[in-house]
2 protein chains.
Amino acid sequence: MISNLQTRRLQKYRMALLRLKKMGLKKTFSHSLSDETGISPELIRKDFSILGIRGKRRGGYEIEGLLDELKKLFGRVKEQNVVLVGLGNIGSALVNYENYRQSNMHLVAAFDIDPSKRQRKYPVPVYTLDNLREVVDAFEVSVAILAVPEFSAQETANYLVENGIRGILNFAPVLLKLPGHVLVNNINVMIELERLMFHLGIRQNAELV
Amino acid sequence: MISNLQTRRLQKYRMALLRLKKMGLKKTFSHSLSDETGISPELIRKDFSILGIRGKRRGGYEIEGLLDELKKLFGRVKEQNVVLVGLGNIGSALVNYENYRQSNMHLVAAFDIDPSKRQRKYPVPVYTLDNLREVVDAFEVSVAILAVPEFSAQETANYLVENGIRGILNFAPVLLKLPGHVLVNNINVMIELERLMFHLGIRQNAELV
DNA sequence: TTTAATATGTGACATACGTAACAAAAAATG
DNA sequence: CATTTTTTGTTACGTATGTCACATATTAAA
């Protein structure tokens, strides 16, 4: 099995490889990828080895071949449809985000309770949550981006799950409590900033001051 | 030492505790926190134990006390100033974000190359990057949120580091290559969506189809 | 064609991490 | 006041994760 930690590393390799490819390179080495990603060359080789990806004993790895293998894991061949719920500050930013296609994803619809949001021009159709089930069924959506205010996040998340959503990318700054089969990935700016400061050693707390 | 994984757990505890507190509870148990966070009760007790936090053998833990201890680690007593670079879609959303204060952080300024951005009404002053050093020095800023387009991310990040920034919360979908002493935390919506789908088993790749 | 150089692939090892088991303390009960 | 119940605190253990060392393949050079 492929662990969460390993998955994250593989994603990092992919980003690094895309960068190297853009620079015009055709092949690379565990050593170079280590430079790019900060991951040790041995671990990189081991990761590739586990996936059955093989390089040449002196010639390194083919970038294109590596990307193909990783694409088999992450980049879906069939486009995956996702929906966005909540068109506040963050939601509006995400609806105009342009990198979906690059990852073979497609934002098919957005939802908001505020009817005025439906008037404005967005690059995807905007509905109320009443239409969720319909969209989920029609576009075979299993993942939603949740960008509603904190106070309604749990309630909305429940509703999403009731209507067939199995994965949630949660931007609301709360811990969602959902059935075990539902996967939640949290993106919380404050939490990230805090951890950044924590590891920088910025801890002017009561005792130290 | 306190590891990255443990740090993430502690942050999760804090979120859960805030929720329980809001519900009016005064004390809690490793078992209840496990319910909230999905982390095993044994590990929760161990984490607390390592931090020197002690409960009562049958009465559980005081929520307020726990939060105080965690605040000593994460919630800085002295407000920490951060800056935001890039006022595109995501940057504009983050400048209007309201949770900074809650984490004892303060967004002191935003930066953008586009002069028209400086005309619009934002809740913080907007400068060009020429003024960065000035702001960094005046407000003792060490962490920046980077929300510029992909093509200028690396260049901008370099500039930030040259001007005293030691930690970057990077929203640009690229792997930044920076000196070892600089800490980078990436937030990449596509990467998160991909991992979510990966773990959901959504892998309609060439072989399987 | 031999030798040297370089980079992979992998098995052994060390460390980190989380789980399980259980003793000790505190509260509730009879 | 003794006993039972509950929940913590900690030690021992097993698994996962990453590093180290080195044999092996490939290319370049002499």
Side-chain angles (χ1 to χ4, degrees), chain A residues 1-14 16-17 20-21 25-70 73 175 180 183 195 198-199, chain B residues 1-14 16-17 20 25-70 73 175 180 195 198-199:
Chain A
M1 245 313 86
I2 190 163
S3 74
N4 192 293
L5 281 171
Q6 199 184 1
T7 312
R8 287 174 185 267
R9 283 199 303 274
L10 295 175
Q11 291 186 301
K12 237 181 185 175
Y13 302 151
R14 194 152 80 96
L17 289 165
L20 294 174
K21 185 185 176 185
L25 296 175
K26 296 290 178 195
K27 61 180 189 176
T28 188
F29 308 94
S30 61
H31 172 261
S32 322
L33 279 172
S34 174
D35 247 31
E36 295 286 322
T37 60
I39 298 162
S40 82
E42 298 89 343
L43 188 51
I44 292 177
R45 294 202 297 273
K46 215 169 191 179
D47 279 335
F48 289 167
S49 174
I50 290 167
L51 295 182
I53 300 172
R54 319 205 73 85
K56 279 187 181 171
R57 287 271 170 164
R58 191 174 169 166
Y61 300 89
E62 296 255 338
I63 290 178
E64 201 57 49
L66 276 173
L67 281 171
D68 281 350
E69 289 293 333
L70 292 173
L73 288 171
L175 225 50
L183 255 165
R195 205 169 52 249
F198 179 81
H199 284 118
Chain B
M1 246 310 88
I2 190 163
S3 75
N4 191 293
L5 281 171
Q6 200 184 1
T7 313
R8 287 174 185 266
R9 282 200 302 274
L10 295 176
Q11 290 185 302
K12 234 178 189 178
Y13 301 151
R14 195 152 79 96
L17 289 164
L20 293 175
L25 296 175
K26 297 291 177 195
K27 63 180 187 177
T28 187
F29 308 94
S30 60
H31 173 261
S32 321
L33 279 172
S34 174
D35 247 30
E36 295 287 322
T37 59
I39 298 161
S40 81
E42 298 90 341
L43 188 50
I44 292 176
R45 294 202 297 273
K46 210 172 191 179
D47 280 334
F48 289 167
S49 174
I50 289 167
L51 296 182
I53 299 173
R54 319 206 72 84
K56 278 186 182 172
R57 287 272 169 161
R58 192 173 170 164
Y61 300 89
E62 297 254 335
I63 291 179
E64 202 56 50
L66 276 172
L67 282 171
D68 282 351
E69 290 293 332
L70 291 173
L73 287 170
L175 226 49
R195 205 169 52 251
F198 180 81
H199 284 118

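Just so it is clear: chains get the letters A, B, ... in the order the sequence lines come, proteins before strands, and each one is counted from 1. Predicted, not measured: the structure shown is a model, and the values here were computed from it.
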**Q.** Gap between atoms CZ and C1', on Arg54(A) and dA7(C) respectively (whole Å)
**A.** 14 Å

Q | N/O (side chain, Arg45(A)) to phosphate O (OP1/OP2, dC20(D)) under 4.0 Å | A | no

Q: Take atom NZ of Lys12(A) and atom P of dG18(D), then tell me their distance rounded to the nearest Å.
A: 11 Å

(Q) If you only use heavy atoms from C-beta on, which nucleotide in dA12(D), dG9(C), dA7(C) is closest to the side chain of Phe29(A)? (A) dA7(C)

Q: From the options Leu66(B), Leu25(B), Leu67(B), select the one residue that forms a side-chain contact (heavy atoms from CB on, under 4.5 Å) with Leu20(B).
A: Leu25(B)

Q. Among Asp47(B), Leu10(B), Ile50(B), which one satisfies side-chain contact (heavy atoms from CB on, under 4.5 Å) with Ile2(B)?
A. Leu10(B)

Q: Provide, to the nearest angstrom, the distance between the NZ atom belonging to Lys46(B) and the C1' atom belonging to dC13(D).
A: 10 Å

(Q) Please tell me if Tyr61(A) has a side-chain N or O lying less than 4.0 Å from either OP1 or OP2 of dG9(C). (A) yes

Q: Using the closest heavy atom to pick a nucleotide of DNA chain D for each, name whichever of Ile39(A) or Gly59(A) lands nearer the 5' end.
A: Ile39(A)

Q. Does Ser40(A) put a side-chain nitrogen or oxygen below 4.0 Å from OP1 or OP2 of dT19(D)?
A. yes

Q. Can you check whether Ser3(B) has a side-chain N or O nearer than 4.0 Å to OP1 or OP2 of dA16(C)?
A. no

**Q.** Arg57(B) side chain, from C-beta outward: closest of dC17(C), dG9(D), dA23(D)
**A.** dG9(D)

(Q) Measure CD1/Ile44(B) against P/dT8(D) and give the value in whole Å, please. (A) 9 Å

Q. Which pair of heavy atoms, one from Leu33(A) and one from Ala16(A), lies closest together, and at what distance?
A. CD2-CB, 4.0 Å

Q. Could you give the CG-to-C1' distance, from Asp47(B) to dT8(D), as a whole number of Å?
A. 14 Å

Q | Side-chain N or O of Ser30(A) closer than 4.0 Å to phosphate OP1/OP2 of dT8(C) | A | yes

Q: Round to a whole Å and report the spacing from CD of Gln6(A) to C1' of dT15(D).
A: 16 Å

Q: Round to a whole Å and report the spacing from CG of Leu10(B) to P of dG18(C).
A: 11 Å

Q | Heavy-atom pair of closest approach, residues Ile39(B) and Lys12(B) | A | CD1-CD, 4.1 Å

Q. Within less than 4.0 Å of OP1 or OP2 of dT10(D), is there a side-chain N or O belonging to Ser49(B)?
A. yes

Q. Within this structure, what is the CZ-to-P distance between Arg58(A) and dT3(C), rounded to whole angstrom?
A. 17 Å

Q. For Glu62(B), does the CD atom have more than 12 heavy-atom neighbours from other residues, nucleotides or ligands under 6.0 Å away?
A. no

Q: Ignoring backbone atoms, establish whether Arg9(A) has a side-chain N or O less than 4.0 Å from OP1 or OP2 of dG18(D).
A: yes

